[in-house]
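All values derive from a computational prediction rather than experimental measurement. Below, read A as the first sequence line, B as the second, and so on, with proteins coming before strands; counting in each chain starts at 1.
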Number of protein chains: 2
Amino acid sequence: MDTSGSELSVLSAALKGAGIRMTHQRIEVFSELQASHGHPSVTEIYEGVRKRLPSISPDTVYRTLRLFSELGLIIPHSSTSSVTRFDVNVHEHHHFVCTRCSRIFDFTSSSIDPLEVPREAESFGEVQGVQLEVRGICRDCLRRERTQEE
Amino acid sequence: MDTSGSELSVLSAALKGAGIRMTHQRIEVFSELQASHGHPSVTEIYEGVRKRLPSISPDTVYRTLRLFSELGLIIPHSSTSSVTRFDVNVHEHHHFVCTRCSRIFDFTSSSIDPLEVPREAESFGEVQGVQLEVRGICRDCLRRERTQEE
DNA sequence: GCCCAGATAATAATATTTCTTATCTAGGAT
DNA sequence: ATCCTAGATAAGAAATATTATTATCTGGGC
Ligand SMILES: [Mn+2]
Ligand SMILES: [Mn+2]
Ligand SMILES: [Zn+2]
Ligand SMILES: [Zn+2]
């Protein structure tokens with residue numbers, strides 16, 4: 001659970017650079033993330049931090065993880081938006097996922113299709129499908145953010 | 001909102017093949033999916049179907065979409081599991097996502113890395129990252145399902 | 001040490017998804 | 001066509017996940 005000083009300096013630099021305070025809560029959430037394996041859920045981080053900061057609230061963990069995502073310290077896995085969405089198009093295609101509004105855009109690509117499954121992926125189990133997932137900020141969100149900057 | 005007969009025959013075949021009943025609710029959810037664009041959420045499907053079947057319950061929509069996913073008529077986008085997960089590893093890597101237990105496994109691939117962003121994806125906005133997402137059933141889930149079949 | 005904008009804890013509220021149970025119905029048997 | 005029942009649904013409660021509100025607290029510049 002103890003995070004090395006070099007890792008903490010990453011947090012320190014990121015927060016200082018954005019003019020954001022270095023709080024106990026943020027340090028502990030960051031440490032918990034570093035100590036975690038795989039792709040931790042909010043609850044897992046919350047329960048871990050709670051052992052050292054028993055009074056921390058779930059809200060703070062949510063807020064902090066959102067902040068860290070904005071700072072690029074962590075990456076939310078796919079749609080953070082808490083609604084399940086379905087793809088009616090079952091043919092092979094790829095996705096551009098907007099990290100702001102979480103809309104999903106389809107595309108195919110002449111340069112990479114048909115996309116083959118890397119050997120490394122097959123060792124995990126039975127493959128059902130493979131697709132490219134491009135994360136980014138969509139045109140609409142870019143325009144909206146530029147407008148607000150004025 | 002009206003679905004062509006040929007599309008409905010896909011539903012009919014899928015249900016009959018699995019020995020599952022063809023109900024009003026399933027037909028309307030299926031039609032709504034066909035009429036939808038993009039990647040509809042459960043609520044969007046529910047609201048749409050409700051115009052024609054005012055008494056349908058959210059539970060039935062959830063249940064039906066889960067069934068359709070199992071039949072391969074639709075594909076749930078990424079982790080259907082309703083918990084947000086974060087990637088602490090911000091370096092470029094790829095994912096194997098288990099469609100049963102929704103666990104996520106990391107991998108890199110000498111054959112495709114570094115992965116470049118297809119030209120077609122750049123038109124949607126500002127690209128932040130790209131990764132391969134392999135969907136499948138992990139070893140643990142495969143073993144568990146084989147055991148239960150006895 | 002003082003100060004206060006920014007951050008947090010507690011709590012309530014909202015949103016999403018699943019469970020329980022009584023009722024209903026699709027479709028095979030008669 | 002009617003009967004029958006396993007499977008399906010509706011309604012409502014419950015469990016989870018997430019966000020909003022507000023009073024209180026604190027990091028860090030002075
Ligand atoms: Mn798609
Ligand atoms: Mn990962
Ligand atoms: Zn967007
Ligand atoms: Zn699995």
- Which pairs with one or both residues in residues 123-147 of chain A pass ring-ring contact (aromatic ring centres under 6.0 Å, His included), sequence neighbours excluded? Phe124(A)-Phe96(B), Phe124(A)-Phe105(B)
- Query: If you look only at pairs with a residue in residues 34-65 of chain B, which of them pass as a ring-ring contact (aromatic ring centres under 6.0 Å, His included), with sequence neighbours excluded?
  - Reply: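 Of all non-adjacent pairs touching residues 34-65 of chain B, those that pass ring-ring contact (aromatic ring centres under 6.0 Å, His included) are His95(A)-His39(B).
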- Task: Go through the steps for Arg135(B) and Val130(A) under the test side-chain contact (heavy atoms from CB on, under 4.5 Å), then give the verdict.
- Result: CA-CA 6 Å; Arg135(B) 289 178 311 100; Val130(A) 58; over 6 Å; no
Quickly work out the [X] [atom1] to [N] [atom2] distance and round it to whole Å.
X        : N       : atom1 : atom2 : result
Leu65(A) : dA7(C)  : CG    : C1'   : 15 Å
Arg26(A) : dT26(D) : CZ    : C1'   : 12 Å
Arg50(A) : dA10(C) : CZ    : P     : 11 Å
Glu70(B) : dA8(D)  : CD    : P     : 12 Å
Tyr62(A) : dT8(C)  : OH    : P     : 16 Å
Leu53(A) : dA7(C)  : CG    : C1'   : 14 Å
Arg85(B) : dT18(D) : CZ    : C1'   : 16 Å

- Rounding to the nearest 10°, end axes of the helix from dG1(C)-dC30(D) to dT30(C)-dA1(D) built from five pairs each make an angle of 30°
- Message: The side chain of Arg63(B) is closest to which nucleotide in this list: dA10(D), dA9(C), dT19(D)?
- Response: dA10(D)
- Message: Nearest to the side chain of Ile56(B), heavy atoms from C-beta on, is which of dA9(C), dA10(D), dT17(C)?
- Response: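 Out of dA9(C), dA10(D), dT17(C), the nucleotide with an atom closest to Ile56(B)'s side chain is dA10(D).
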- Under a 4.0 Å N-O cut-off, is there an ion pair linking Glu47(A) with Arg50(A)?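 Answer for the salt bridge query: yes.
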- Should Arg139(A) and Glu126(B) count as an ion pair when the cut-off is N to O under 4.0 Å? no
Expected rows: protein N/O vs nucleotides 19-22 of chain C N/O, under 3.5 Å:
unit_1	atom_1	unit_2	atom_2	d
dC19(C)	N4	Asp59(B)	OD1	3.2

- Task: Kindly write out the residues that satisfy salt bridge (Lys or Arg N to Asp or Glu O under 4.0 Å) with Asp106(B), not counting sequence neighbours, or none if the list is empty.
- Result: none
- Test salt bridge (Lys or Arg N to Asp or Glu O under 4.0 Å) applied to Arg100(A) - qualifying residues, sequence neighbours left out: Glu145(A)
- For Ile75(B), the rest of its hydrophobic cluster, which grows through side-chain links under 4.5 angstrom: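 Listed partners: Val90(A).
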Side-chain donor-acceptor contacts of residues 15-25 of chain A below 3.5 Å, not counting sequence neighbours, with atom names and distances?
unit_1	atom_1	unit_2	atom_2	d
Thr23(A)	OG1	Arg26(A)	N	3.2

- Message: Run the side-chain contact (heavy atoms from CB on, under 4.5 Å) test on Thr108(B) and His91(B) for me, step by step, so that the C-alpha distance in whole Å, both residues' side-chain angles and the decisive distance to 0.1 Å come before the verdict.
- Response: CA-CA 10 Å; Thr108(B) 54; His91(B) 300 116; over 6 Å; no
- Sequence neighbours left out, what pairs pass salt bridge (Lys or Arg N to Asp or Glu O under 4.0 Å) with at least one residue falling in residues 53-74 of chain A? Asp59(A)-Arg63(A)
- Message: To check you understand the geometry: which heavy-atom pair defines the closest contact between Val127(B) and Ala121(B), and what is its length?
- Response: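 Reported closest heavy-atom pair: CG2-O, 4.5 Å.
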- Task: Pull out every residue in residues 39-46 of chain B that has a heavy atom closer than 4.0 Å to any atom of DNA chain D, ordered by number, or say none.
- Result: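 Within this stretch, nothing sits under 4.0 Å of the strand.
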- Message: My understanding is that only residues two or more places apart in sequence, or in another chain, count here; which of them pass ring pair (Phe, Tyr, Trp, His ring centres under 6.0 Å) with Phe107(B)?
- Response: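 For Phe107(B), the residues satisfying ring pair (Phe, Tyr, Trp, His ring centres under 6.0 Å) (neighbours in sequence not counted) are His94(B).
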- Item | Thr60(B) vs dA10(D): side-chain N/O to OP1/OP2 distance below 4.0 Å | yes
- Examine dT17(C): is either OP1 or OP2 under 4.0 Å from a nitrogen or oxygen in the side chain of Thr84(A)? Give yes or no. yes
- Side chains of Ile56(B) and Glu28(B): closer than 4.5 Å at any heavy-atom pair?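 The answer is no, as the side chains (C-beta and beyond) never meet within the 4.5 Å cut-off.
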- What string of B, S and - do you get for nucleotides 25-30 of chain C, 5' to 3', when a contact is any protein heavy atom under 4.0 Å? BBS---
